[in-house]
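Beneath this line is the structure, given in structure tokens, with notes to follow.
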Amino acid sequence: MPKIAPPPGVSDIFPDEATAWLQLESAARKVFGLYGFGELRTPIFEFTEVFQRGLGGETEVVQKEMYTFEDRGGRSLTLRPEGTAGVMRALSATDAANGVEHRVFYMGPMFRGERPAAGRKRQFHQVGVENVGRAASPGLDAEAIAMLCHFLEEIGITGFNLLINTRGVASDRPAAEQALAEHFRPHLAEMCDDCRARIDRNVWRILDCKQACCRPFIESAPDPAQFFSAESRDYFRKVCDLLTEQGIPFTVDPRLVRGLDYYVHTVFELTHSGLGAQNAIAGGGRYELQLPGLRNPIPGVGFAAGMERLLIVRDALGVTPPPAPVPKVYLASLGDAALAFNTSFAAKLRHAGISAAIDYDAKSMKSQMRAADRMKAEYVIVVGDSELEAQSAKLKHMADGREIEVKLSLDGVLAALAADAETK
RNA sequence: GUGGGUGUAGCUCAGUUGGUGGAGCGUCUGACUGUGGCUCAGAAUGUCGCGGGUUCGAGUCCCGUCUCCCACCCCA
């Protein structure tokens, strides 16, 4: 039990666990690279207004989940609660604002002051993609979704559900909002407190409510998309057609609204059972992000996946992460002269790209062999006075116990390792 | 923010009606002086989450607090 624990909802990732993270990260780089996306590393914190303006002041995230503090000059800063706003802030200084396409991805920690639960941390990690600058296009939307599915396939996640919906554009909304409000208002007395507040602040969020008392009214609610313009509905149909043509299964869910206000047109969410109540592993959509200091919002489409959740799902599916790296050669030392020799010999091996382990306490033979076994060293070389004398030692293969006589030099060991690898 | 569960050795967990804290695994040492895994023998290790209270005496009972887990909520 640690004397001092980390703050609630954050945790350490130890080396044996980190291998799984590295695997996810390199899979992301590989897959996104195939689509022409490059990595953009933005700061962990931004001026608070980047998120306030970007995500919408009415969103849950902005209202009560942000870690906000003042710097020494009294300016308000916020630890990023999601990745898109920071990416857009960075790209706002480029020609993305003039309609030039930027394809970027990011990965890293995000911060939200929520109550921790299964698959939910206060510092969590997202890997995300943004295609920014180009005007809205069903092709780009479908490509983002296809890329997300490709990524999941690459990391061994199967059996997920893809839900998609359209949120229309700003001019589509008033008619739909009015229809929704008219539908819900007569039943408000029977609905939950949150929804009573939401009807005036943001009717859409009612569709997202999971309260049992609200559900019947939500299910009988009209599909907002039916009030959208023909252009918007056509846009969404094209997205669906493109997915179908690529053989990507999906479900249209008219209730899917998502929590951030910046979405327009296509929104999607990827869920997986076996995660507990937090069943969303990734989500995204098309957006128009309004940033401070910019006259017009910048268009984009993207998604973010929760890395912790991906790992939980992967684990549940029985995908085993690669083992932590083990030393190729353990150098056992008998006596001070041997230890001195091994110290510099280990350095030579490491510079030659061979991982080497050594115990500077140079305890008993038995304890060194045990240490080599425990760290799963592939080979052991025992060096004592007689080996130094002869400039020759035995290279022992730990798995099967066979020993090979080798010259006690870098070339000698490298040659023996190469030869032994071939015989296997 | 609300509710439920939980907290004992590095890990997984026992701990009987309150009476000087245990097991397994792991670790360390050793079993014909320089060869691991198996076996055997020994050893080390805990402010029993933290703070109060009741009591002659609290890991055990009471109160508070925090963590973690689970759910609500929200989302990734």
Side-chain angles (χ1 to χ4, degrees), chain A residues 1-11 14 24 55 59-66 80-84 107-128 148 160 192-195 198 205 208-212 214 256-260 267-272 275-284 302-313 330 332-335 338 361-387 393-403:
Chain A
M1 187 142 309
K3 214 43 170 203
I4 176 154
V10 310
S11 53
F14 279 78
L24 285 198
L55 310 194
T59 58
E60 300 277 337
V61 172
V62 170
Q63 285 204 332
K64 48 189 196 192
E65 295 177 358
M66 297 204 304
R80 62 183 187 190
E82 56 92 62
T84 304
M107 54 184 82
M110 307 293 166
F111 306 85
R112 258 125 95 157
E114 304 178 275
R115 188 71 165 264
R120 191 171 68 196
K121 296 242 161 221
R122 289 184 176 172
Q123 174 175 334
F124 62 104
H125 298 76
Q126 287 187 336
V127 49
L148 174 55
F160 51 81
C192 73
D193 291 346
D194 284 338
C195 286
R198 290 199 265 240
R205 302 219 57 80
D208 225 11
C209 185
K210 277 110 188 163
Q211 297 290 329
C214 302
L256 180 67
V257 295
R258 302 194 44 77
L260 276 14
V267 292
F268 53 94
E269 197 163 287
L270 230 103
T271 63
H272 202 288
L275 252 183
Q278 268 59 248
N279 64 353
I281 55 179
F303 63 80
M307 297 182 72
E308 281 84 356
R309 293 185 186 178
L310 293 176
L311 290 170
I312 291 170
V313 168
Y330 182 97
S333 317
L334 297 168
D361 289 335
K363 289 185 286 202
S364 69
M365 183 81 211
K366 180 187 280 292
S367 73
Q368 292 188 69
M369 288 303 291
R370 263 212 278 257
D373 188 53
R374 192 172 48 246
M375 64 179 71
K376 297 181 166 63
E378 206 175 331
Y379 296 93
V380 168
I381 298 176
V382 178
V383 178
D385 291 338
S386 58
E387 284 80 3
K394 287 196 176 67
L395 176 73
K396 177 167 183 170
H397 188 250
M398 292 295 274
D400 57 24
R402 71 173 185 281
E403 294 187 316

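Lettering of chains follows the sequences in order, A, B, ..., and the numbering in each one begins at 1.
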**Request:** For A:Arg80, check side chain to side chain donor-acceptor pair (under 3.5 Å) against everything at least two apart and list the hits.
**Result:**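 A:Arg80: side chain to side chain donor-acceptor pair (under 3.5 Å) contacts with A:Thr42.
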Got a sec, which residues hit salt bridge (Lys or Arg N to Asp or Glu O under 4.0 Å) with [X], two or more places apart in sequence or on another chain?
{"X": "A:Arg258", "answer": "A:Glu269"}
{"X": "A:Arg122", "answer": "none"}
{"X": "A:Glu82", "answer": "none"}

Run the side-chain contact (heavy atoms from CB on, under 4.5 Å) test against [X] and tell me which residues pass, sequence neighbours left out.
{"X": "A:Asn279", "result": "A:Thr271"}
{"X": "A:Lys363", "result": "A:Asp359, A:Asp361, A:Ser367"}
{"X": "A:Lys366", "result": "A:Ser364, A:Arg370"}
{"X": "A:Leu24", "result": "A:Ile155, A:Met307, A:Leu310, A:Leu311, A:Arg314"}

**Message:** Show me, range against range, the stems involving RNA chain B, built from at least 3 consecutive Watson-Crick or G-U pairs below 3.5 Å.
**Reply:**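 Stems for RNA chain B, defined as runs of 3 or more consecutive pairs: B:1-5 with B:68-72, B:10-13 with B:22-25, B:27-31 with B:39-43, B:49-53 with B:61-65.
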**Request:** Sequence neighbours left out, what passes ring-ring contact (aromatic ring centres under 6.0 Å, His included) with A:His272? Give chain and number order.
**Result:**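 For A:His272 there are no ring-ring contact (aromatic ring centres under 6.0 Å, His included) partners, ignoring immediate neighbours.
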Can you tabulate the close N/O pairs, meaning under 3.5 Å, that link protein atoms to atoms of nucleotides 68-71 of chain B?
unit_1 : atom_1 : unit_2   : atom_2 : d
B:C68  : OP1    : A:Gly9   : N      : 2.7
B:C70  : OP2    : A:Ala118 : N      : 2.9
B:A71  : OP1    : A:Ala277 : N      : 3.3

Review item, nucleotides 33-35 of chain B N/O atoms under 3.5 Å of protein N/O:
unit_1 : atom_1 : unit_2   : atom_2 : d
B:G34  : O6     : A:Ser386 : OG     : 2.8
B:G34  : N1     : A:Ser386 : OG     : 3.4
B:G34  : N1     : A:Glu387 : OE1    : 2.9
B:G34  : N1     : A:Glu387 : OE2    : 3.1
B:G34  : N2     : A:Glu387 : OE2    : 2.4
B:U35  : O2'    : A:Lys396 : NZ     : 3.3

